[in-house]
Amino acid sequence: MMTPSPLFRSRPDKGPLTGLSAVVTGGSRGLGLLLAEQLLRRGCAVTVAARDEEELDRAREFLLRQRPGGRVRTAVCDVTDRAAVAALMGGAADAFGGIDVVVANAGVIQVAPVESVGSDEFRSAMDTIYLGAVHAALEALPWLRRSRPGGRLALIGSVGGLLAVPHLLPYSAAKSAVAALAEGLHAELRGDRVSVTAVHPGLMRTGSHLAAEFGGDQAAEFAWFSALAGAPLVSMDARRAADRIVTAVERRRPRIVLTPLAKAAGLTHGIAPALTTRLSALAVKVLPAPPGSGNVVALHKGHAVEGTAERELHPVLRRLRGWGSTLNDRAARRLNQRTRPAAGGH
């Protein structure tokens, strides 16, 4: 058993997370980056993991600007590879004397009608979102069980995991599996002094529309997703979301659902699942129709689709997208979403 670092375990009176060691997967941009920032603010030493080294370098610079003097390290890690996740956890434990908090946030988003995706898209979502969470949990558990204050594990799900969202089926299916994983781990680990928090955010202004992958009528799919994810009355400020998530982890809450709309949707689906299924079917009618060819073509990142949407959308739709997505576009610039997005975080 590793000896806790004297530099980073000596101030328990400053707050529940002060002096603890935290790991955030998918932490190089978007929500993951803000979760890392919140953990730093509360006194954690933080290891940020993602696939892209340059993106991680920018994330580290961002975090140190926000928290000068903060203890931050980065690690290139593909969460679909369990051996890589094991190395990630071992490196974090070596650097900071153990691991006390783990947030499994890595994910991908595919936006397309089901006619425009194939089994590869479902497999990619399951590998990154679900198996990424499985790998993080299993490889973190030996360290979390040794944590002196008791380990904390958070799995980032989604309202899309509480009810299926049209044109987001691979994402919803994978997030649904994460929800079940979090519930099961919470039940099984209660005697191990390890708390498990299931996190189900609704729409947040993280700039994720630029890293998402779009299929079907790509310009139209990009337009509705980016506008809805940035609309002030529908989506949530990402920094506020990160603050609430870390507070829930700090307090060892078993479950948190963010945004009133997500809470209402989850509650309605639990009480009247047939009704929400019918409403989802109605929503499909206002979403972009799939191309008529029936062929599955490669999905493209939002970065690549953005310019096409500006050129091809009807001027009225272009203005509506611009209005809805303004705050989300600003978030993208702030949260490391604007350049070379390897699959990293929401």
With the side chain counted from C-beta on, respond yes when [X] and [Y] share a heavy-atom pair under 4.5 Å apart, and no when they do not.
| X | Y | result |
| --- | --- | --- |
| F225 | H167 | no |
| T80 | L131 | no |
| R41 | Q66 | yes |
| L40 | V72 | yes |
| R152 | V194 | no |
| E250 | S195 | no |
| V102 | M89 | yes |
| L258 | R244 | yes |

Report task. Please list, chain by chain and in numerical order, all residues satisfying side-chain contact (heavy atoms from CB on, under 4.5 Å) with I271, sequence neighbours excluded. Result ->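 Once residues adjacent in sequence are excluded, the partners of I271 under the side-chain contact (heavy atoms from CB on, under 4.5 Å) criterion are L267.
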Are the side chain of [X] and the backbone N or O of [Y] linked by a donor-acceptor pair below 3.5 Å?
| X | Y | result |
| --- | --- | --- |
| E121 | G118 | yes |
| S226 | A223 | yes |
| S280 | T276 | yes |
| D100 | L20 | no |
| N105 | G26 | yes |
| D237 | R239 | yes |

Looking at every heavy atom in both [X] and [Y], which two are closest together, and how far apart are they?
| X | Y | result |
| --- | --- | --- |
| G30 | Q337 | CA-NE2, 3.5 Å |
| L56 | A49 | CD2-C, 4.0 Å |
| R193 | S147 | NH2-O, 2.9 Å |
| Q110 | L168 | O-CD2, 3.4 Å |
| G151 | R252 | O-NH1, 2.9 Å |
| A95 | R71 | O-NH2, 4.4 Å |

Gap between atom [atom2] of [Y] and atom [atom1] of [X] - 0.5 Å precision:
| X | Y | atom1 | atom2 | value |
| --- | --- | --- | --- | --- |
| C77 | H135 | SG | NE2 | 10.0 Å |
| F214 | E221 | CZ | CD | 8.0 Å |
| K301 | L210 | NZ | CG | 10.5 Å |
| L189 | L153 | CG | CG | 8.0 Å |
| I256 | T197 | CD1 | OG1 | 8.5 Å |
| Q218 | L299 | CD | CG | 6.5 Å |

Query - In one Ile/Leu/Val/Met/Phe/Trp/Tyr side-chain cluster, 4.5 Å: M236, L31 - result: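 Both belong to a single hydrophobic cluster.
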Query raised in the report: What pairs meet the ring-ring contact (aromatic ring centres under 6.0 Å, His included) rule with one or both residues in residues 192-212, with sequence neighbours excluded?
Result: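 As it turns out, the ring-ring contact (aromatic ring centres under 6.0 Å, His included) pairs with a partner in residues 192-212, which skip direct neighbours, are H209-F222.
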Requested in this report: Identify the residue among V79, V85, T47, T128 that makes a side-chain contact (heavy atoms from CB on, under 4.5 Å) with T25.
Outcome: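 When V79, V85, T47, T128 are each tested with T25, the side-chain contact (heavy atoms from CB on, under 4.5 Å) holds only for V79.
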Test: [X] and [Y] ion pair at under 4.0 Å:
| X | Y | answer |
| --- | --- | --- |
| E37 | R67 | no |
| R123 | D120 | yes |
| D81 | R51 | no |

Query - Worked verdict on R205 versus S235 for side-chain hydrogen bond (donor to acceptor under 3.5 Å, both in side chains) - result: CA-CA 6 Å; R205 297 187 289 276; S235 64; 2.9 Å; yes
Residues 156-166 side chain polar contacts: donor-acceptor under 3.5 Å, at least two apart:
from, atom 1, to, atom 2, distance (Å)
S158, OG, G160, N, 2.9
S158, OG, Y171, OH, 3.4

Requested in this report: Please step through salt bridge (charged side-chain N to carboxylate O under 4.0 Å, His left out) for the pair D52 and R58, ending with a clear verdict.
Outcome: CA-CA 10 Å; D52 190 297; R58 292 192 298 271; 5.2 Å; no
